[in-house]
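To keep things clear, I will list the structure first and then write my remarks on it.
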Amino acid sequence: MTFRSSPIPPGVLTAGAVTFTVFAWASAFVSIRSAGAAYSPGALALGRLLAASLVLGVLLLIRRQGLPPREAWRGILVSGVVWFCGYTIALNWGERLVDAGTASLLVNTGPILMALLAARLLGEALPPRLLAGMAVSFVGAVVVGLSMSSGSGGSTSLLGVVLCLLAAVAYATGVIAQKPALSYGTPLQITAYSCMTGAVACLPFTGQLLDELPRAPASATLNMVYLGVVPTALAFTTWTYALARMPAGRLGATTYAVPAIVVLLSWALLAEVPGWLTLLGGLLCLAGVAVSRYAPRTPRTPHTPATPVDGTPPAPAKGNRT
(Lines give C-alpha, C1' and ligand atoms only; values in the text may rest on other atoms or scores of the structure.)
Protein backbone atom coordinates (compact mmCIF):
# COMPACT_ATOMS: atom_id res chain seq x y z
CA MET A 1 0.00 0.00 0.00
CA THR A 2 1.80 3.12 -1.18
CA PHE A 3 1.06 6.79 -0.62
CA ARG A 4 3.56 8.37 -3.02
CA SER A 5 0.92 10.29 -4.92
CA SER A 6 -0.69 11.69 -1.76
CA PRO A 7 -0.31 15.46 -1.20
CA ILE A 8 -0.22 14.81 2.56
CA PRO A 9 3.33 14.96 4.01
CA PRO A 10 4.72 11.51 4.93
CA GLY A 11 5.15 12.51 8.56
CA VAL A 12 1.46 13.37 8.84
CA LEU A 13 0.49 10.05 7.25
CA THR A 14 2.69 8.15 9.67
CA ALA A 15 1.26 10.02 12.66
CA GLY A 16 -2.26 9.36 11.40
CA ALA A 17 -1.50 5.66 10.96
CA VAL A 18 -0.15 5.42 14.51
CA THR A 19 -3.15 7.28 15.94
CA PHE A 20 -5.68 5.08 14.15
CA THR A 21 -3.85 1.92 15.23
CA VAL A 22 -3.74 2.91 18.89
CA PHE A 23 -7.44 3.80 19.02
CA ALA A 24 -8.46 0.65 17.12
CA TRP A 25 -6.37 -1.61 19.35
CA ALA A 26 -7.78 0.07 22.45
CA SER A 27 -11.32 -0.65 21.24
CA ALA A 28 -10.37 -4.30 20.80
CA PHE A 29 -10.04 -4.78 24.57
CA VAL A 30 -13.69 -3.77 25.03
CA SER A 31 -14.91 -5.90 22.10
CA ILE A 32 -13.00 -8.97 23.29
CA ARG A 33 -14.67 -8.73 26.70
CA SER A 34 -18.07 -8.61 25.00
CA ALA A 35 -17.52 -11.36 22.42
CA GLY A 36 -15.63 -13.54 24.89
CA ALA A 37 -18.79 -14.16 26.86
CA ALA A 38 -20.17 -16.23 23.95
CA TYR A 39 -17.07 -17.50 22.15
CA SER A 40 -14.18 -19.55 23.51
CA PRO A 41 -10.66 -18.08 23.06
CA GLY A 42 -9.68 -20.25 20.07
CA ALA A 43 -13.01 -19.90 18.28
CA LEU A 44 -12.98 -16.12 18.74
CA ALA A 45 -9.43 -15.93 17.41
CA LEU A 46 -10.33 -18.01 14.34
CA GLY A 47 -13.46 -16.00 13.58
CA ARG A 48 -11.58 -12.73 13.99
CA LEU A 49 -8.72 -13.80 11.73
CA LEU A 50 -11.04 -15.23 9.07
CA ALA A 51 -12.95 -11.94 8.89
CA ALA A 52 -9.67 -10.03 8.73
CA SER A 53 -8.23 -12.33 6.05
CA LEU A 54 -11.32 -11.79 3.89
CA VAL A 55 -10.98 -8.00 4.08
CA LEU A 56 -7.24 -8.09 3.50
CA GLY A 57 -7.65 -10.47 0.55
CA VAL A 58 -10.05 -8.01 -1.08
CA LEU A 59 -7.59 -5.17 -0.47
CA LEU A 60 -4.81 -7.22 -2.09
CA LEU A 61 -6.97 -7.69 -5.18
CA ILE A 62 -7.92 -4.01 -5.32
CA ARG A 63 -4.30 -2.92 -4.92
CA ARG A 64 -3.13 -5.68 -7.32
CA GLN A 65 -0.46 -6.86 -4.91
CA GLY A 66 0.49 -10.50 -5.23
CA LEU A 67 2.80 -12.66 -3.17
CA PRO A 68 5.67 -10.92 -1.36
CA PRO A 69 9.27 -11.89 -2.20
CA ARG A 70 10.71 -15.07 -0.72
CA GLU A 71 12.93 -13.09 1.65
CA ALA A 72 9.86 -11.72 3.46
CA TRP A 73 8.29 -15.09 4.27
CA ARG A 74 10.35 -15.88 7.35
CA GLY A 75 9.07 -12.77 9.12
CA ILE A 76 5.56 -13.37 7.80
CA LEU A 77 5.40 -16.92 9.15
CA VAL A 78 6.83 -16.03 12.55
CA SER A 79 4.60 -13.00 13.04
CA GLY A 80 1.57 -14.93 11.74
CA VAL A 81 1.96 -17.86 14.13
CA VAL A 82 3.32 -16.02 17.16
CA TRP A 83 1.55 -12.65 16.93
CA PHE A 84 -1.68 -13.08 14.97
CA CYS A 85 -2.45 -16.56 16.32
CA GLY A 86 -0.64 -16.88 19.66
CA TYR A 87 -1.21 -13.33 20.87
CA THR A 88 -4.89 -13.37 19.94
CA ILE A 89 -5.65 -16.66 21.69
CA ALA A 90 -3.68 -15.71 24.82
CA LEU A 91 -5.37 -12.32 25.06
CA ASN A 92 -8.85 -13.77 24.47
CA TRP A 93 -8.26 -16.30 27.23
CA GLY A 94 -6.67 -13.77 29.56
CA GLU A 95 -9.55 -11.32 29.22
CA ARG A 96 -11.93 -13.98 30.46
CA LEU A 97 -10.06 -13.89 33.77
CA VAL A 98 -9.06 -10.22 34.19
CA ASP A 99 -10.79 -6.96 33.30
CA ALA A 100 -9.98 -4.97 30.17
CA GLY A 101 -7.96 -2.32 32.02
CA THR A 102 -5.70 -4.85 33.70
CA ALA A 103 -5.29 -6.73 30.42
CA SER A 104 -4.24 -3.54 28.61
CA LEU A 105 -1.74 -2.81 31.40
CA LEU A 106 -0.14 -6.24 31.16
CA VAL A 107 -0.05 -6.34 27.36
CA ASN A 108 1.58 -2.91 27.37
CA THR A 109 4.69 -4.34 28.95
CA GLY A 110 5.27 -5.49 25.35
CA PRO A 111 6.86 -2.21 24.16
CA ILE A 112 9.57 -2.58 26.78
CA LEU A 113 10.40 -6.06 25.50
CA MET A 114 10.09 -4.75 21.94
CA ALA A 115 12.57 -1.93 22.49
CA LEU A 116 15.05 -4.28 24.16
CA LEU A 117 14.69 -6.90 21.41
CA ALA A 118 15.00 -4.22 18.73
CA ALA A 119 18.21 -2.98 20.32
CA ARG A 120 19.60 -6.52 20.59
CA LEU A 121 18.45 -8.03 17.29
CA LEU A 122 17.91 -5.06 14.96
CA GLY A 123 20.64 -2.77 16.26
CA GLU A 124 18.21 0.06 17.08
CA ALA A 125 19.36 2.70 19.52
CA LEU A 126 17.82 3.28 22.94
CA PRO A 127 18.04 7.07 23.32
CA PRO A 128 17.55 8.51 26.80
CA ARG A 129 14.34 10.28 25.73
CA LEU A 130 12.77 7.00 24.61
CA LEU A 131 13.77 5.27 27.85
CA ALA A 132 12.41 8.18 29.91
CA GLY A 133 9.12 8.18 28.00
CA MET A 134 8.76 4.43 28.40
CA ALA A 135 9.35 4.73 32.14
CA VAL A 136 6.73 7.48 32.55
CA SER A 137 4.18 5.62 30.43
CA PHE A 138 4.77 2.34 32.25
CA VAL A 139 4.14 4.02 35.59
CA GLY A 140 0.93 5.44 34.13
CA ALA A 141 -0.11 2.03 32.82
CA VAL A 142 0.48 0.51 36.27
CA VAL A 143 -1.68 3.20 37.86
CA VAL A 144 -4.46 2.62 35.32
CA GLY A 145 -4.39 -1.14 35.74
CA LEU A 146 -4.34 -1.03 39.52
CA SER A 147 -7.11 1.53 39.72
CA MET A 148 -9.37 -0.41 37.34
CA SER A 149 -8.74 -3.79 38.96
CA SER A 150 -9.40 -2.57 42.49
CA GLY A 151 -13.07 -1.72 41.99
CA SER A 152 -16.00 -3.43 43.63
CA GLY A 153 -16.33 -6.06 40.94
CA GLY A 154 -12.70 -6.26 39.90
CA SER A 155 -10.64 -9.35 40.37
CA THR A 156 -7.28 -10.47 39.10
CA SER A 157 -6.56 -14.11 38.28
CA LEU A 158 -2.99 -15.34 38.38
CA LEU A 159 -3.60 -17.41 35.25
CA GLY A 160 -5.14 -14.38 33.55
CA VAL A 161 -2.07 -12.29 34.41
CA VAL A 162 0.26 -14.98 33.04
CA LEU A 163 -1.78 -15.26 29.83
CA CYS A 164 -1.71 -11.49 29.26
CA LEU A 165 2.04 -11.44 29.86
CA LEU A 166 2.42 -14.26 27.31
CA ALA A 167 0.39 -12.12 24.91
CA ALA A 168 2.84 -9.26 25.53
CA VAL A 169 5.80 -11.53 24.72
CA ALA A 170 4.07 -12.74 21.54
CA TYR A 171 3.30 -9.14 20.57
CA ALA A 172 6.91 -7.99 20.98
CA THR A 173 8.31 -11.07 19.20
CA GLY A 174 5.91 -10.68 16.30
CA VAL A 175 6.80 -7.03 15.75
CA ILE A 176 10.54 -7.73 15.77
CA ALA A 177 10.05 -10.60 13.30
CA GLN A 178 7.88 -8.42 11.08
CA LYS A 179 10.26 -5.45 10.89
CA PRO A 180 12.88 -7.03 8.53
CA ALA A 181 10.13 -8.43 6.29
CA LEU A 182 8.99 -4.89 5.54
CA SER A 183 12.26 -4.35 3.67
CA TYR A 184 11.01 -6.79 1.01
CA GLY A 185 7.22 -6.50 0.94
CA THR A 186 4.61 -3.77 1.27
CA PRO A 187 2.78 -3.17 4.57
CA LEU A 188 -0.41 -4.60 3.05
CA GLN A 189 1.35 -7.74 1.84
CA ILE A 190 3.08 -8.38 5.16
CA THR A 191 -0.12 -7.80 7.13
CA ALA A 192 -2.36 -9.85 4.84
CA TYR A 193 -0.18 -12.92 4.62
CA SER A 194 0.72 -12.79 8.32
CA CYS A 195 -2.99 -12.70 9.12
CA MET A 196 -3.73 -15.57 6.74
CA THR A 197 -0.91 -17.56 8.35
CA GLY A 198 -2.43 -16.92 11.76
CA ALA A 199 -5.86 -18.02 10.50
CA VAL A 200 -4.41 -21.27 9.20
CA ALA A 201 -2.71 -21.84 12.57
CA CYS A 202 -6.12 -21.39 14.26
CA LEU A 203 -7.92 -23.92 12.05
CA PRO A 204 -7.90 -26.60 14.80
CA PHE A 205 -10.59 -24.47 16.50
CA THR A 206 -12.97 -24.74 13.53
CA GLY A 207 -15.21 -27.22 15.34
CA GLN A 208 -15.59 -24.92 18.33
CA LEU A 209 -16.45 -21.96 16.10
CA LEU A 210 -19.08 -23.90 14.16
CA ASP A 211 -20.59 -25.16 17.41
CA GLU A 212 -20.72 -21.76 19.13
CA LEU A 213 -21.72 -19.60 16.16
CA PRO A 214 -25.44 -20.60 16.04
CA ARG A 215 -25.86 -20.15 19.81
CA ALA A 216 -24.01 -16.83 20.14
CA PRO A 217 -26.01 -13.59 20.36
CA ALA A 218 -25.83 -11.24 17.40
CA SER A 219 -23.93 -8.64 19.44
CA ALA A 220 -21.12 -11.10 20.19
CA THR A 221 -20.84 -12.11 16.53
CA LEU A 222 -20.81 -8.47 15.43
CA ASN A 223 -18.03 -7.79 17.92
CA MET A 224 -16.07 -10.71 16.48
CA VAL A 225 -16.48 -9.34 12.95
CA TYR A 226 -15.52 -5.86 14.16
CA LEU A 227 -12.38 -7.31 15.74
CA GLY A 228 -11.45 -8.82 12.39
CA VAL A 229 -12.16 -5.78 10.24
CA VAL A 230 -11.01 -2.79 12.30
CA PRO A 231 -8.43 -3.75 14.99
CA THR A 232 -6.95 -6.51 12.78
CA ALA A 233 -7.32 -5.90 9.02
CA LEU A 234 -7.19 -2.10 9.05
CA ALA A 235 -5.19 -1.37 12.20
CA PHE A 236 -2.50 -3.98 11.54
CA THR A 237 -2.05 -2.50 8.05
CA THR A 238 -1.64 1.02 9.40
CA TRP A 239 0.72 -0.39 12.04
CA THR A 240 2.98 -2.01 9.46
CA TYR A 241 2.87 1.19 7.39
CA ALA A 242 4.20 3.09 10.41
CA LEU A 243 6.63 0.30 11.35
CA ALA A 244 8.25 0.57 7.92
CA ARG A 245 8.91 4.26 8.55
CA MET A 246 10.09 4.48 12.16
CA PRO A 247 12.10 2.40 14.66
CA ALA A 248 10.23 -0.48 16.31
CA GLY A 249 11.13 0.67 19.82
CA ARG A 250 9.86 4.19 19.28
CA LEU A 251 6.67 2.99 17.61
CA GLY A 252 6.03 0.47 20.37
CA ALA A 253 6.23 3.23 22.97
CA THR A 254 3.19 4.92 21.40
CA THR A 255 0.98 1.99 22.40
CA TYR A 256 1.34 3.03 26.03
CA ALA A 257 -1.56 5.35 25.23
CA VAL A 258 -3.83 2.29 24.89
CA PRO A 259 -4.71 1.91 28.61
CA ALA A 260 -5.75 5.57 28.76
CA ILE A 261 -7.99 5.14 25.71
CA VAL A 262 -9.45 1.94 27.17
CA VAL A 263 -10.51 4.01 30.17
CA LEU A 264 -12.19 6.59 27.94
CA LEU A 265 -13.97 3.94 25.87
CA SER A 266 -15.18 2.16 29.00
CA TRP A 267 -16.43 5.50 30.24
CA ALA A 268 -18.29 6.26 26.99
CA LEU A 269 -19.58 2.79 26.06
CA LEU A 270 -20.02 1.06 29.41
CA ALA A 271 -20.92 4.11 31.55
CA GLU A 272 -17.98 3.34 33.85
CA VAL A 273 -16.84 6.68 35.26
CA PRO A 274 -13.11 6.50 36.03
CA GLY A 275 -11.78 7.72 39.34
CA TRP A 276 -9.16 10.40 39.75
CA LEU A 277 -6.40 7.80 40.11
CA THR A 278 -7.37 6.24 36.78
CA LEU A 279 -7.40 9.62 35.07
CA LEU A 280 -3.98 10.40 36.54
CA GLY A 281 -2.60 7.14 35.16
CA GLY A 282 -4.07 7.89 31.75
CA LEU A 283 -2.46 11.31 31.70
CA LEU A 284 0.89 9.75 32.61
CA CYS A 285 0.53 7.28 29.73
CA LEU A 286 -0.06 10.09 27.26
CA ALA A 287 2.74 12.20 28.75
CA GLY A 288 5.19 9.32 28.34
CA VAL A 289 4.21 8.88 24.71
CA ALA A 290 4.75 12.61 24.14
CA VAL A 291 8.19 12.44 25.76
CA SER A 292 9.24 9.38 23.72
CA ARG A 293 8.14 10.93 20.41
CA TYR A 294 9.37 14.46 21.03
CA ALA A 295 12.35 15.39 18.88
CA PRO A 296 13.62 18.96 19.36
CA ARG A 297 14.51 20.76 16.19
CA THR A 298 18.05 22.00 16.09
CA PRO A 299 18.52 25.10 13.95
CA ARG A 300 20.76 24.48 10.98
CA THR A 301 23.18 27.34 10.56
CA PRO A 302 25.47 27.52 7.55
CA HIS A 303 29.07 26.75 8.43
CA THR A 304 31.42 29.58 7.56
CA PRO A 305 35.08 28.61 7.72
CA ALA A 306 37.20 31.02 9.68
CA THR A 307 39.49 33.31 7.66
CA PRO A 308 43.17 32.62 8.35
CA VAL A 309 45.17 35.29 10.12
CA ASP A 310 47.26 35.96 7.01
CA GLY A 311 44.12 36.93 5.05
CA THR A 312 44.19 33.95 2.68
CA PRO A 313 40.62 33.02 1.62
CA PRO A 314 39.49 29.72 3.09
CA ALA A 315 39.56 26.67 0.87
CA PRO A 316 36.15 25.48 -0.39
CA ALA A 317 34.62 22.66 1.57
CA LYS A 318 34.90 19.23 -0.04
CA GLY A 319 31.67 17.89 1.42
CA ASN A 320 29.38 17.89 4.37
CA ARG A 321 30.24 15.11 6.82
CA THR A 322 27.39 15.71 9.22
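Any value given below was found using the heavy atoms of this structure, including those in side chains, with hydrogens, waters and symmetry copies removed. When a residue number appears, it is its place in the shown sequence, counting from 1.
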On a heavy-atom basis, the closest approach of A35 and N223 is CB-CB, 3.9 Å
To the nearest 0.5 Å, how far apart are CZ in F20 and OG1 in T238?
5.5 Å
Could you give the distance from OG (S34) to OH (Y226), rounded to the nearest 0.5 Å?
12.0 Å
Please tell me whether V229 and L222 are part of a single hydrophobic cluster in this structure, the criterion being side-chain heavy atoms less than 4.5 Å apart.
no
For R64, all residues meeting salt bridge (Lys or Arg N to Asp or Glu O under 4.0 Å), sequence neighbours excluded:
none
Note: P231 and A235 closest approach over all heavy atoms is O-CB, 3.3 Å
I want to check something: taking the side chain as every heavy atom from C-beta on, are I32 and R48 in contact at a cut-off of under 4.5 Å?
yes
Over all heavy atoms of both residues, which pair between C85 and G198 is shortest? Give the atoms and the distance, please.
CB-O, 3.8 Å
Under a 4.5 Å cut-off applied to non-hydrogen side-chain atoms, are F84 and T232 in contact?
yes
How long is the span from the CG atom in L67 to the OH atom in Y193, to the nearest 0.5 Å?
4.5 Å
Working to the nearest 0.5 angstrom, can you tell me the gap between I76 CD1 and C195 SG?
12.0 Å
Are side-chain heavy atoms of L44 and L227 found at a separation under 4.5 Å?
yes
Quick one: does L210's side chain get under 4.5 Å of T206's, heavy atoms only?
yes
Looking at every heavy atom in both L50 and A199, which two are closest together, and how far apart are they?
CD2-CB, 4.3 Å
Stacked cation flag R33 on F29, 6.0 angstrom / 45 deg:
no
Determine whether the side chains of S40 and E212 contain a donor N or O and an acceptor N or O closer than 3.5 Å.
yes
Could you check whether the rings of W239 and W25 sit parallel, tilted or perpendicular, using 30° and 60° as the cut-offs?
tilted
Validation row, ring centre W73 to ring centre Y184 under 6.0 Å:
no
What verdict does the side-chain contact (heavy atoms from CB on, under 4.5 Å) test give for L91 and L163, after you've listed the backbone C-alpha separation in whole Å, the side-chain angles of each residue and the deciding distance to 0.1 Å?
CA-CA 7 Å; L91 181 59; L163 287 168; over 6 Å; no
Here the pair of heavy atoms bringing L60 nearest to A192 is CD1-CB, 3.6 Å
Using the rule that two of Ile, Leu, Val, Met, Phe, Trp, Tyr join whenever any of their side-chain heavy atoms come within less than 4.5 Å, decide whether Y171 and L234 are in one cluster.
yes
Say whether L49 and V200 are linked into one hydrophobic cluster, either directly or through other cluster members, by side-chain heavy-atom distances under 4.5 angstrom.
yes
All side chain to side chain donor-acceptor pair (under 3.5 Å) counterparts of T88, not counting sequence neighbours:
none
Does W83 form a side-chain contact (heavy atoms from CB on, under 4.5 Å) with T173? I'd like the steps, not just the answer.
CA-CA 7 Å; W83 189 7; T173 304; over 6 Å; no
Trace of the side-chain contact (heavy atoms from CB on, under 4.5 Å) decision for T186 with Q189:
CA-CA 5 Å; T186 67; Q189 285 177 319; 3.2 Å; yes
By side chain to side chain donor-acceptor pair (under 3.5 Å), R70 pairs with (sequence neighbours left out) none
Evaluate the side-chain contact (heavy atoms from CB on, under 4.5 Å) criterion for residues V82 and Y87: first the C-alpha distance (whole Å), next the side-chain angles of each, then the deciding distance (0.1 Å), finally the verdict.
CA-CA 6 Å; V82 175; Y87 165 87; over 6 Å; no
Within a strict 4.5 Å, meaning less than it, do heavy atoms of the L188 and T191 side chains meet?
no
Do you reckon F205 sits in the same ILVMFWY cluster as L54, going by side-chain contacts under 4.5 Å, direct or chained?
no
Looking only at heavy atoms, what is the nearest atom pair of P187 and T237, with distance?
CB-O, 4.1 Å
Would a hydrophobic clustering, with Ile, Leu, Val, Met, Phe, Trp and Tyr connected at side-chain separations under 4.5 Å, put V78 with I190?
no
Verify, without hydrogens or angle tests, whether D211 (side chain) and G207 (backbone) share a donor-acceptor contact under 3.5 angstrom.
no
For residues T221 and Y39, is any side-chain donor paired with an opposing acceptor at under 3.5 Å?
yes
Atom pair CH2 (W93) and CD1 (I89), whose distance is rounded to the nearest 0.5 Å:
10.0 Å
When rounded to the nearest 0.5 angstrom, what distance separates CG in N92 from CE in M224?
11.0 Å
